[in-house]
Amino acid sequence: MANVSVSEWRKLPVSLAELCIDTTLRCGQSFRWKRFRDNEWSCALHGRIITLKQDSMHLHYRTIRPRLASPLHSLESSRASSVAKYLEEDDTESLLRQYLNLAPNLSALYEQWSSKDPNFKKRARQFAGIRILKQDAWEALVGFICSSNNNISRISQMVHNLCLHYGALIGYIDDEPLHDFPTPEALTAPGTEAHLRELGFGYRAGYIAKTALIVAKERPEGWLQALRNPEIFDESKDQEAFPESGREGYRRAHDELLQLQGVGPKVADCVCLMGLGWSESVPVDTHVWQIAQRDYKFGKGKHKSLTKVTYDAVGDHFRTLWGREAGWAHSVLFTADLKTFSERLTNNIEVHIDEVKIKQEGESILESRVVTKREYSLCEVKGELEDVRDGIVLETTRSQRAKRRRT
DNA sequence: ACAACACCTAATAA
DNA sequence: ATTATTAGGTGTT
């Protein structure tokens, strides 16, 4: 307690349609956010612990960071700390705007994708606020190398172990230590591969150790960062035509990443999308391949199996359909297919209280409500997901007595 | 170009 | 209880 600085809660005006952290932080694009009590999400980022929570209108955040040991005496020290505090607050807000990628208007994008694609529209309501994060490219690279033949839960555990053993300790939440993601250099020591195998990384241990060596020793300084999309988001370019195979910078980044160990087309696309800011990147994993077959008529004729040619064709199709932010739309459909969120597809009940009447009768009041329940679900019918939203509309009228004190 | 197979591990299904 | 399958693929024949 004595050697950390805990900030006040601050807030940003962000609706759930623009960002839903409960979905975005669990949908398999980042592996380090951890939920603590009261639906607070925490992660060590840029030398501090950031905690997020949100309500319908605001994203709330605060930071915990090591207090800098100051050689200054008390007067200057207090002045320095107030300056430091000012900088920290300013810095964290812009860091969050960056990391959470808040510039694009997500509601507007959902509208565009929905108008172009009825299948997207079916999923959109239940999976609002899914935003592509701008993560650190190196962290994304290692995280997605871990993702091959793997599930989100174990990937998260592996990344946690990696941070625990090779990353800097930043601080604690509820006595639980939170570490930053290790640098490439931290993973280049001899014996790293064997150690990672002991830690349960399996065959990915070799991929990570070799990739760390390539990035740290064989590539020039700043090589990975240089593959990032340098453009700032420009809404007016939304509808602008662009190559169906993606922008040149994206193609180049993808090709460069393929040279690394344990990086195939899918992992390269994950890094391009989540770590390098190439929004047109569409990672085609087994889920997306199944979606492409089920809902977009792939799996026949020329594209019978997921070869490299088919892989590119699926990405091109979605880029043509959804446009420049195709990777964002892809992430919504991908998330809708995750087992973790399957309960959202069935038994959803929307409750609207359309009318409330309160009559006074003696010492008690009589309250009557007209409650409309809309039960809607995406039910599996003949192997297809069908929207039966309008199937059931329940109306109930309730009368209840409520005791009331005289005041 | 394409298909088949091995590769680590842990949870779940059969 | 033991075995097969599955989970956000990649590298090698």
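The basis for the numbers below is simple: all heavy atoms, side chains too, and nothing from hydrogens, waters or symmetry mates. Just so you know, these numbers come straight off a predicted model, no measurement behind them. Each chain gets a letter, A, B and so on, in the order the sequences are listed, and its residues count up from 1.
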(message) Just verifying a value: how many Å separate A/Arg97 CZ and A/Leu59 CG, rounded to the nearest 0.5 Å?
(response) 10.0 Å
(request) Mind checking A/Cys146 for me? I need base, sugar-phosphate or nothing, with any heavy atom below 4.0 Å counting as a touch. (result) nothing
(message) Any base atoms under 4.0 Å from A/Leu260, or only sugar-phosphate, or nothing? Heavy atoms, all strands.
(response)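 Sugar-phosphate only.
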(request) Starting at atom CD1 of A/Ile155, determine the distance to atom P of C/dA7, rounded to an integer number of angstrom. (result) 12 Å
(message) Students often get this wrong, so: under 4.0 angstrom with heavy atoms, is A/Val288 touching a base, only sugar-phosphate, or nothing?
(response)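 Result for A/Val288 = nothing.
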(request) Check every strand shown and say whether A/Ile145 touches a base, only sugar-phosphate, or nothing at a heavy-atom separation below 4.0 Å. (result)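 No contact at all - A/Ile145 keeps every heavy atom at 4.0 Å or more from the nucleic acid.
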(request) Using atom CG of A/Leu162 as one end and atom P of B/dT9 as the other, report the distance to the nearest whole Å. (result) 16 Å
(message) I need the CE-C1' distance between A/Met158 and B/dA11, as an integer number of Å.
(response)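 In whole Å, B/dA11 C1' lies 15 Å from A/Met158 CE.
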(request) Grab the CG-P distance between A/Leu257 and C/dG11 for me, whole Å please. (result)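 Going from CG in A/Leu257 over to P in C/dG11 covers 12 Å.
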(message) Rounding to an integer number of Å, can you tell me how far A/Lys339 NZ sits from B/dT12 C1'?
(response) 8 Å
(message) Rounded to the nearest 0.5 Å, what separates atom CZ in A/Phe334 from atom CG in A/Asp285?
(response)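 Spacing of CZ (A/Phe334) from CG (A/Asp285) equals 5.0 Å.
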(message) Side chain of A/Asp285 only, heavy atoms from C-beta on: which candidate in C/dG9, B/dA3, B/dT9 is closest?
(response) C/dG9
(request) Tell me whether the centres of the aromatic rings in A/Phe318 and A/Tyr296 are closer together than 6.0 Å. (result) yes
(request) Report yes if a side-chain nitrogen or oxygen of A/Ser147 is closer than 4.0 Å to either non-bridging phosphate oxygen (OP1 or OP2) of C/dG9; otherwise report no. (result)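 No, no such contact exists.
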(request) Whole angstrom is fine here: how far is it from CH2 in A/Trp289 over to C1' in C/dT6? (result) 19 Å
(request) Please work out which residues in residues 186-207 of chain A have a non-hydrogen atom less than 4.0 Å from an atom of DNA chain B and list them by number. (result)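 Hits under 4.0 Å, by residue number: A/Arg197, A/Gly200, A/Gly202, A/Tyr203, A/Arg204.
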(request) Mind telling me whether A/Tyr110 and A/Phe120 have parallel, tilted or perpendicular rings, with 30° and 60° as the class edges? (result) perpendicular
(message) Please report the distance separating the P of B/dT9 from the corresponding atom of C/dA1, rounded so that it comes out in whole Å.
(response) 23 Å
(request) In whole angstrom, give me the gap between the P atoms of C/dT2 and B/dC8. (result) 25 Å
(request) Map A/Val263 and A/Cys270 onto DNA chain C by nearest heavy atom, then report which one ends up closer to the 5' terminus. (result) A/Cys270
(request) Would you mind reading off the distance between A/His303 atom NE2 and B/dA1 atom P, rounded to a whole angstrom? (result)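 For the pair A/His303 NE2 and B/dA1 P, the rounded distance is 14 Å.
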(message) Can you confirm whether the side chains of A/Tyr166 and A/Asn161 place a donor and an acceptor under 3.5 Å from each other?
(response)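 Short answer, no.
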(request) Determine the contact category for A/Lys302: base if any of its heavy atoms lies under 4.0 Å from a base atom, sugar-phosphate if only primed atoms, P, OP1 or OP2 are that close, otherwise nothing. (result) sugar-phosphate
(request) Could you tell me how the ring of A/Tyr99 sits relative to the ring of A/Trp33: parallel (under 30°), tilted (30 to 60°) or perpendicular (over 60°)? (result) tilted
(request) Please name the pair of heavy atoms, one in A/Trp113 and one in A/Glu325, separated by the smallest distance, quoted to 0.1 Å. (result)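 Closest approach of A/Trp113 to A/Glu325: CZ2-O, 3.4 Å.
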(message) Nearest to the A/Pro265 side chain among C/dG9, B/dA10, C/dT10, which nucleotide is it?
(response)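 Among C/dG9, B/dA10, C/dT10, the one nearest the side chain of A/Pro265 is C/dT10.
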(message) For a quick test of reading the model, state the closest non-hydrogen atom pair linking A/Val267 to A/Ser147 and the distance between them.
(response) CG2-OG, 4.5 Å
(request) For C/dT5 versus B/dC5, give the span between their P atoms, rounded off to a whole number of Å. (result)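 My reading of the P atoms in C/dT5 and B/dC5 gives 13 Å.
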(request) Take A/Lys266 and A/Tyr311 through the side chain to side chain contact (heavy atoms under 4.5 Å, CB included) test and state the conclusion after the steps. (result) CA-CA 9 Å; A/Lys266 187 269 179 182; A/Tyr311 185 100; 4.1 Å; yes
(request) With heavy atoms under 4.0 Å as the rule, sort A/Ser305 into base, sugar-phosphate or nothing. (result) sugar-phosphate
(request) To the nearest 0.5 angstrom, please state how far the NE2 atom of A/His254 sits from the CG atom of A/Leu273. (result) 11.0 Å
(message) Under 4.0 Å, heavy atoms only, any strand: does A/Gln290 hit a base, just the sugar-phosphate, or nothing?
(response)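 Touches nothing.
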Donor-acceptor pairs are to be reported for all side-chain atoms of residues 129-138 of chain A against protein atoms at under 3.5 Å, with residues two or more places apart or in another chain.
{"from": "A/Arg131", "atom 1": "NE", "to": "A/Glu18", "atom 2": "O", "distance (Å)": "2.7"}
{"from": "A/Arg131", "atom 1": "NH1", "to": "A/Asn101", "atom 2": "O", "distance (Å)": "2.6"}
{"from": "A/Arg131", "atom 1": "NH1", "to": "A/Pro104", "atom 2": "O", "distance (Å)": "3.2"}
{"from": "A/Arg131", "atom 1": "NH2", "to": "A/Glu18", "atom 2": "O", "distance (Å)": "3.0"}
{"from": "A/Arg131", "atom 1": "NH2", "to": "A/Glu18", "atom 2": "OE1", "distance (Å)": "2.8"}
{"from": "A/Arg131", "atom 1": "NH2", "to": "A/Pro104", "atom 2": "O", "distance (Å)": "3.1"}
{"from": "A/Gln135", "atom 1": "NE2", "to": "A/Gln29", "atom 2": "O", "distance (Å)": "2.6"}
{"from": "A/Asp136", "atom 1": "OD2", "to": "A/Trp138", "atom 2": "N", "distance (Å)": "3.2"}
{"from": "A/Asp136", "atom 1": "OD2", "to": "A/Glu139", "atom 2": "N", "distance (Å)": "2.9"}
{"from": "A/Trp138", "atom 1": "NE1", "to": "A/Pro182", "atom 2": "O", "distance (Å)": "3.0"}

(message) Does B/dA1 have its OP1 or OP2 closer than 4.0 Å to a side-chain nitrogen or oxygen of A/Thr307?
(response)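 No, no such contact exists.
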(request) Kindly express the pairing pattern of DNA chain C in dot-bracket notation, using | wherever a base pairs with another strand and counting only Watson-Crick or G-U pairs under 3.5 Å. (result) .||||||.|||||
(message) Can you work out whether A/Phe31 or A/Gln261 has the more 5'-proximal nearest nucleotide on DNA chain C?
(response) A/Phe31
(message) Just the rounded figure in Å: distance from C1' of C/dT5 to CG of A/Asn149.
(response)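 Computing the A/Asn149:CG to C/dT5:C1' distance gives 12 Å.
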